[in-house]
Amino acid sequence: SQQGEEDPQALSIQEGENATMNCSYKTSINNLQWYRQNSGRGLVHLILIRSNEREKHSGRLRVTLDTSKKSSSLLITASRAADTASYFCATVSNDYKLSFGAGTTVTVRA
Amino acid sequence: NAGVMQNPRHLVRRRGQEARLRCSPMKGHSHVYWYRQLPEEGLKFMVYLQKENIIDESGMPKERFSAEFPKEGPSILRIQQVVRGDSAAYFCASSPIRQGPRASGNTIYFGEGSWLTVV
């Protein structure tokens with residue numbers, strides 16, 4: 001079964017606005033990762049946050065992790081048309097398998 | 001340093017034919033993982049291989065699917081007697097070390113995927 005579940009399934013925003021998506025998971029994790037996938041392409045790793053971290057930044061990306069609620073959020077600030085993509089969270093527990101959610105499809109309108 | 005190379009990028013097969021997908025890991029990477037992405041879904045783990053060894057194939061369907069990573073050459077994911085339900089994107093990833101709790105940072109790299117369509 002899927003470990004991560006993203007919410008919302010789809011998001012449409014205007015260029016320049018912020019986009020926030022959430023990920024919930026079921027079991028304890030060692031780290032949580034966010035990936036971007038453009039249509040018909042492979043996955044691009046965005047950011048990794050460890051279970052003992054609460055917040056991480058990378059450029060226009062901000063990720064938070066709340067292990068007590070088993071949830072994470074990804075914020076993209078000042079969105080651009082190029083941010084249009086699907087975003088997936090993936091968790092790593094005690095082995096090597098990444099468990100992905102079904103993703104959030106983000107559309108940034110010009 | 002080339003990334004993870006997958007080919008073919010797109011493959012169309014008729015029901016009952018065989019599909020063979022190839023993955024060349026990044027240079028220096030000896031750990032290969034295959035994931036499958038069904039339409040509108042996230043990726044699902046299929047198999048983890050090291051050179052000449054299948055470490056974990058718990059995500060592979062029991063029949064018709066096989067994977068190998070020979071001493072020389074790319075890793076191959078083979079699907080025999082394909083059915084429509086096999087239509088999906090198949091992603092290969094590689095890493096220089098075994099992924100797990102002690103792996104630090106992003107040490108797993110994904111290829112661009114192979115899109116299989118069964119008609």
Side-chain angles (χ1 to χ4, degrees), chain A residues 1-10 21 23-53 56 58 61 63 67 72 74 85-105, chain B residues 2-7 9-10 21 23 26 29-50 54-60 88-117:
Chain A
S1 63
Q2 286 179 171
Q3 167 76 308
E5 295 287 341
E6 289 91 345
D7 167 60
Q9 285 187 317
M21 59 211 88
C23 167
S24 59
Y25 55 92
K26 297 183 177 70
T27 62
S28 62
I29 61 170
N30 282 284
N31 68 63
L32 185 146
Q33 305 181 35
W34 284 91
Y35 288 83
R36 184 185 74 227
Q37 183 181 33
N38 291 88
S39 181
R41 304 296 299 272
L43 273 75
V44 174
H45 182 267
L46 295 176
I47 200 163
L48 178 151
I49 187 165
R50 299 183 199 287
S51 59
N52 60 354
E53 296 176 313
K56 220 166 174 184
S58 177
L61 304 179
V63 167
T67 52
S72 172
L74 170 67
S86 292
Y87 292 82
F88 296 89
C89 67
T91 53
V92 175
S93 297
N94 289 321
D95 59 16
Y96 38 76
K97 298 172 192 168
L98 287 166
S99 294
F100 288 86
T104 293
T105 300
Chain B
V4 177
M5 304 300 291
Q6 288 189 247
N7 69 84
R9 288 293 315 281
H10 298 277
L21 311 177
C23 168
M26 286 182 72
H29 289 195
S30 58
H31 301 256
V32 166
Y33 315 80
W34 285 92
Y35 285 78
R36 177 166 67 173
Q37 183 180 33
L38 294 170
E40 310 299 324
E41 294 188 14
L43 279 70
K44 299 271 175 42
F45 170 82
M46 297 182 75
V47 62
Y48 164 36
L49 310 107
Q50 294 179 26
I54 297 174
I55 307 301
D56 180 352
E57 56 182 350
S58 59
M60 290 261 278
Y90 293 83
F91 288 93
C92 172
S94 73
S95 64
I97 61 172
R98 178 182 169 125
Q99 291 298 289
R102 292 186 178 78
S104 61
N106 170 32
T107 57
I108 185 168
Y109 300 86
F110 282 87
E112 288 286 296
S114 290
W115 266 257
L116 171 66
T117 303

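Basis for what follows: all heavy atoms, side chains included, without hydrogens, waters or symmetry-related copies.
Side chain to side chain, A:K97 and B:S58 meet the donor-acceptor criterion of an N or O pair below 3.5 Å.
Counting only heavy atoms from C-beta outward, the side chains of B:F110 and A:R41 never approach each other to under 4.5 Å. A 4.5 Å side-chain heavy-atom check between A:V44 and B:Y109 finds every atom pair outside the cut-off. Taking the side chain as every heavy atom from C-beta outward, A:L98 and B:L43 never approach each other to under 4.5 Å.
In this structure, no portion of A:Q9 lies under 4.5 Å from any heavy atom of chain B. Heavy atoms closer than 4.5 Å to chain A are found in the backbone of B:E40, but not in its side chain.
Residues A:F100 and B:F45 place their aromatic rings such that the two centres sit no closer than 6.0 Å.
Counting non-hydrogen atoms of neighbouring residues, nucleotides and ligands closer than 6.0 angstrom, the CE atom of B:M60 exceeds 12 such neighbours.
The most heavy-atom pairs under 4.5 Å with chain A, out of B:Q37, B:R9, B:Q6, come from B:Q37. Interface check for chain B: of the options A:S86, A:G40, A:G103, the most heavy-atom pairs under 4.5 Å are formed by A:G40.
Nearest approach of A:F88 to B:E41, heavy atoms of both residues: CE2-O, 4.0 Å. The shortest non-hydrogen separation linking A:Y35 to B:I108 is OH-CG2, 3.7 Å.
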